[in-house]
Amino acid sequence: MIQQGQPLPSATLGQLTADGMVNHQTDELFANKKVVLFAVPGAFTPTCSASHLPGFIVLADQIKAKGVDMIACVSVNDAFVMKAWGEAQNASEIMMLADGDASFTKALGLEMDTAAFGGVRSKRYAMVIENGVVTQLNVEAPKQFEVSSAEAVLASL
């Protein structure tokens, strides 16, 4: 599993924009920025939709006021689902990123197998990335939602 002080692995994350599909290279996307990246097991799932994403939406301005350039949400879903979920949640301040094949999640060592629920998914986590290097990493214990919340991230900035 990735650790604080380590650079993010090179990977491609998808985003569906008004101009079509954009494939972001993590090396470029997270370079020369301070980013809060949080991951959810699945778009439209209960805790993710009721608490995790909404917390970052509500606190986006306060998080950015702490010197954060970008807040991004990543999930092992396709870019169409991530766009629809972001729109349904009014997440205009959050970059909704798709890790469709879980390659980024696996490279981080933060994958989990949910079997029939959805196969390989991401563990729930939040990290702070500064110029491509992980400076904070908060990974949730299974079925928990505490250390990766927007409130916990804001308190740590």
Side-chain angles (χ1 to χ4, degrees), residues 2 8-9 11-26 28-30 33-66 68-129 134 136-154 156-157:
I2 195 161
L8 284 178
T12 303
L13 297 171
Q15 180 187 26
L16 187 59
T17 70
D19 298 323
M21 185 67 68
V22 177
N23 289 313
H24 297 283
Q25 300 306 310
T26 55
E28 296 169 16
L29 185 62
F30 300 116
K33 294 181 197 78
K34 184 173 185 177
V35 179
V36 170
L37 175 68
F38 67 100
V40 298
F44 292 105
T45 57
T47 301
C48 306
S49 290
S51 302
H52 208 174
L53 178 57
F56 282 97
I57 294 167
V58 169
L59 295 177
D61 289 341
Q62 291 178 55
I63 290 169
K64 288 182 176 180
K66 297 282 188 174
V68 171
D69 300 299
M70 178 174 66
I71 303 169
C73 175
V74 66
S75 184
V76 180
N77 286 111
D78 65 62
F80 295 93
V81 168
M82 292 302 287
K83 182 177 192 296
W85 188 40
E87 289 173 350
Q89 293 278 332
N90 296 310
S92 59
E93 294 296 313
I94 313 296
M95 181 178 257
M96 303 298 286
L97 298 170
D99 184 18
D101 64 357
S103 58
F104 177 68
T105 300
K106 289 176 182 176
L108 291 171
L110 290 168
E111 77 278 5
M112 63 179 177
D113 189 345
T114 65
F117 171 77
V120 174
R121 295 291 178 121
S122 177
K123 293 180 181 179
R124 186 182 305 281
Y125 67 85
M127 64 172 65
V128 178
I129 304 157
V134 177
Q136 291 183 39
L137 177 61
N138 303 320
V139 181
E140 296 288 357
K143 301 190 186 290
Q144 296 297 307
F145 176 59
E146 296 169 9
V147 300
S148 68
S149 71
E151 295 81 4
V153 170
L154 179 60
S156 72
L157 290 172

Do side-chain atoms of D69 reach the backbone of K34 as a donor and acceptor pair under 3.5 angstrom?
-> yes

Which atoms form the tightest heavy-atom contact between K123 and V139, and what is the distance?
-> CD-CG1, 4.3 Å

Close side-chain approach of L108 and P9, heavy atoms under 4.5 Å = yes

Kindly compute the distance separating CG (L157) from NZ (K64), expressed to the nearest 0.5 Å.
-> 13.0 Å

With a 3.5 Å cut-off and no angle check, do the side chains of E111 and S122 form a donor-acceptor pair?
-> no

Measure the shortest side-chain to side-chain distance between V153 and Q136 over non-hydrogen atoms and say whether it is less than 4.5 angstrom.
-> no

Ring geometry between W85 and F44 (parallel below 30°, tilted from 30 to 60°, perpendicular above 60°) | tilted

Is E146 reaching over with its side chain to a backbone N or O of E140, donor-acceptor style, under 3.5 angstrom?
-> no

Straight-line distance of N77 CG to T45 OG1, nearest 0.5 Å | 8.0 Å

F30 and F104 aromatic ring geometry - parallel, tilted or perpendicular at 30°/60° bounds | parallel

Does the side chain of L13 reach to within under 4.5 Å of the side chain of V74, using non-hydrogen atoms?
-> yes

Any side-chain heavy-atom pair from C48 and R124 closer than 4.5 angstrom?
-> yes

Just how far is it from atom CG of L59 to atom CG of L154, taken to the nearest 0.5 Å?
-> 6.0 Å

Should S51 and F145 count as side-chain neighbours, where that means a heavy-atom distance under 4.5 Å?
-> yes

Please report the shortest heavy-atom distance between S49 and Q89, naming the atom on each side.
-> O-NE2, 3.3 Å

Polar side chain donor-acceptor pair, S103 to D101, under 3.5 angstrom = yes

Taking all non-hydrogen atoms of both residues into account, name the closest pair between L53 and A91 and its distance.
-> CD1-CB, 4.3 Å

Gap between atom CD1 of I71 and atom CE of M96 - 0.5 Å precision = 12.0 Å

Is there side-chain contact between M82 and C73, with at least one heavy-atom pair below 4.5 Å?
-> yes

Distance from L137 atom CG to I2 atom CD1, nearest 0.5 Å?
-> 7.5 Å

Search all heavy atoms of L29 against all heavy atoms of K33 and return the closest pair with its distance.
-> O-NZ, 2.8 Å

Heavy-atom pair with the smallest gap, counting every atom of S75 and V40 = OG-O, 3.3 Å

With the side chain counted from C-beta on, respond yes when N138 and M127 share a heavy-atom pair under 4.5 Å apart, and no when they do not.
-> no

Would you say S148's side chain and A39's backbone share a donor-acceptor pair under 3.5 angstrom?
-> no

Hey, what do you get for CG (D99) to OG1 (T105), rounding to the nearest 0.5 Å?
-> 4.0 Å

Near K66 NZ, under 6.0 Å, is it more than 12 heavy atoms from other residues, nucleotides or ligands?
-> no

K106 to V120 - nearest heavy-atom pair and separation | CE-CG1, 4.0 Å

